[in-house]
Amino acid sequence: MITETTLPDGPLLVVHAHPDDETLATGGLLATWAAAGRPVTLVTCTRGERGEVIGTALAHLEGDGPALAEHREAELAEALRALGVEDHVFLDALPGQPGALAQGQRLEDSGMAWVGDGAPGASSQAGAATDVPERALVRASLEECAERLAVLLRDRRPAVVVTYEPGGGYGHPDHVRAHQITTRALALAAEADGSHAAHVPGHVWWNVVPPQVLADARASLARRAEDDPWFQALLQTHPSAALPQGPLPAVAEPAREVVATIDVRPVVEQVEGALRAHATQVHWVESADPSGTPGGRPTATVLPAADEVLGWYALSNDVLVPWLAHEYYAAAEPQAEQPDVQRAVSEGR
């Protein structure tokens, strides 16, 4: 088992769909790699133009794609400073062959819709939006996007590449597409182009959570709703807050063999800073540690080693998400079935 103390030698390259995904899914890994003094590259596929906006101060940004994109770029830059990541690129800014992206097209957030029973997002499962922008990531050519990423793979020559599992964590179409793009790019990068030699990374990982870990973390939040005064106060102060329910999302189902774990606690301050940087997307970031600070808020820097729930946070749907003390990674499965999001969009599915 690879851990934060036995990281593979060489660079890390991580592919995500939107600003904030890098922190929510892989913040511990990014911060750990950067803290070890090793090269880290983050690729973000879109600027999150269709994200919902938390709070009233910046509510005017919701629905204004260009303005929200600009603001989320700034949030991402702040988050990466907190994580210690210096090498970041947007997928549409990478060089490529003549095509739509070469003509200056920006890849945009495809949007999503919550599916399942209960409050929006309570089921932790998303699906395609009813209205998908013309420049949406899921409408872009898979081959063209993958060719651009392949150029970067040959150039950065990472030892480890990380992205989502085939279900995109919780079904967001852009997450699924990012997985598909990365998978295809890895195949393309295995052959040389005119400028760079072929490159095959030693490790390709998918971000996952063991089903029992996530089920236990959800149960922990439910217990805190009954026993923890701090947690109870949060629920009482924010009536819209909800606990996760329903089937486990794709990040946990089906179960996959974990080949690497990263303890988030040594870099918890970096990750917390990154979470708070994404203020339009993430709120109620709190620690489960009962020890107090002068400001009255529990500190996130001390946690009993046996406790897997580091704390909690919520996205715009106000469903509380357990903040885990470890991140988990499975080896990519070469023949994994990949749903064709682009075809589903064109067929109205």
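Both backbone and side-chain heavy atoms feed into the values below; hydrogens, waters and symmetry mates do not. This one's a predicted model, so the numbers in the text were calculated from it and none came from an experiment.
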Inset, instruction - Ignoring hydrogens and angles, tell me if any N or O in the side chain of Glu257 forms a donor-acceptor pair with the backbone of Ala331 under 3.5 Å. - result: no
Inset, instruction - Could you tell me the separation between the CG atom of Leu186 and the CD1 atom of Ile181, rounded to the nearest 0.5 Å? - result: 12.0 Å
Legend entry - Under 3.5 Å donor-acceptor, Glu75 side chain and Thr280 backbone: yes
Legend entry - Side-chain donor/acceptor of Thr163 to backbone N/O of Thr182, under 3.5 Å: no
Legend entry - side chain to side chain donor-acceptor pair (under 3.5 Å): pairs with one or both residues in residues 231-243, sequence neighbours excluded: His238-Trp284, Ser240-Asp318
Inset, instruction - With Tyr329 as reference, evaluate Val162, Val204, Val258, Val160 under the side chain to side chain contact (heavy atoms under 4.5 Å, CB included) test and give the passing residue. - result: Val162
Legend entry - Short side-chain to backbone donor-acceptor contact, Arg154 and Leu188, under 3.5 Å: yes
Legend entry - same_hphob_cluster(Leu315, Ile54) at 4.5 Å side-chain heavy-atom cutoff: no
Inset, instruction - Could you note down all residue pairs passing ring-ring contact (aromatic ring centres under 6.0 Å, His included) where residues 139-165 supplies at least one of them, sequence neighbours left out? - result: His16-Tyr164, Tyr164-His175
Legend entry - Thr46 side chain to Gly48 backbone, donor-acceptor under 3.5 Å: yes
Inset, instruction - Indicate yes or no for a side-chain donor-acceptor contact from Arg184 to the backbone of Cys145 under 3.5 Å, with no hydrogens or angles considered. - result: no
Inset, instruction - Could you list all the ring-ring contact (aromatic ring centres under 6.0 Å, His included) pairs where at least one residue sits in residues 258-281, not counting sequence neighbours? - result: none
Legend entry - side chain to side chain contact (heavy atoms under 4.5 Å, CB included) partners of Ala250, counting only residues at least two apart: Glu165
Inset, instruction - Tell me, please, which residues at least two apart from Ala274 pass side chain to side chain contact (heavy atoms under 4.5 Å, CB included). - result: Thr23, Ala79, Ala82, Leu83
Legend entry - Those residues that, when tested against Arg135, pass salt bridge (charged side-chain N to carboxylate O under 4.0 Å, His left out) (two or more places apart): none
Inset, instruction - Tell me, please, which residues at least two apart from Trp312 pass side chain to side chain donor-acceptor pair (under 3.5 Å). - result: none
Inset, instruction - Sequence neighbours left out, what passes side chain to side chain contact (heavy atoms under 4.5 Å, CB included) with Ala252? Give chain and number order. - result: Leu214, Leu248
Inset, instruction - Give a yes or no on whether the backbone of Pro229 and the side-chain of Arg224 come within a donor-acceptor separation of less than 3.5 Å. - result: no
Inset, instruction - Sort and list the pairs that fulfil salt bridge (Lys or Arg N to Asp or Glu O under 4.0 Å) and have at least one residue in residues 35-57, not counting sequence neighbours. - result: Asp9-Arg38, Arg47-Glu73, Arg47-Asp92, Arg50-Asp131
Legend entry - Any residue meeting side chain to side chain contact (heavy atoms under 4.5 Å, CB included) with Thr6, in chain and number order, not counting sequence neighbours: Ile2, Thr3
Legend entry - Minimum-distance pair of heavy atoms, taken over all atoms of Gly84 and Ala34: O-CB, 3.4 Å
Legend entry - Closest heavy-atom pair and its distance - Ala198, Arg157: O-NH2, 2.6 Å
Legend entry - Crowding at CD, Glu191 (>12 non-hydrogen neighbours, <6.0 Å): no
Could you go through residues 60-70 and list every donor-acceptor pair under 3.5 Å that involves a side-chain atom there, pairing it with any protein atom two or more places apart or in another chain?
{"residue": "Glu62", "atom": "OE1", "partner": "Val53", "partner atom": "N", "Å": "2.8"}
{"residue": "Asp64", "atom": "OD1", "partner": "Ala67", "partner atom": "N", "Å": "3.4"}

Inset, instruction - Look only at the side chain of Arg72 and the backbone of Pro19, and say whether a donor-acceptor pair between them is shorter than 3.5 Å. - result: yes
Inset, instruction - Check whether any side-chain N or O of Glu327 sits under 3.5 Å from a backbone N or O of Asn207 as a donor-acceptor pair, and report yes or no. - result: no
Legend entry - Main-chain N/O of Leu137 paired with Ser110 side-chain donor or acceptor, under 3.5 Å: yes
Inset, instruction - Could you pull out all residues at least two apart from His199 that satisfy side chain to side chain donor-acceptor pair (under 3.5 Å)? - result: none
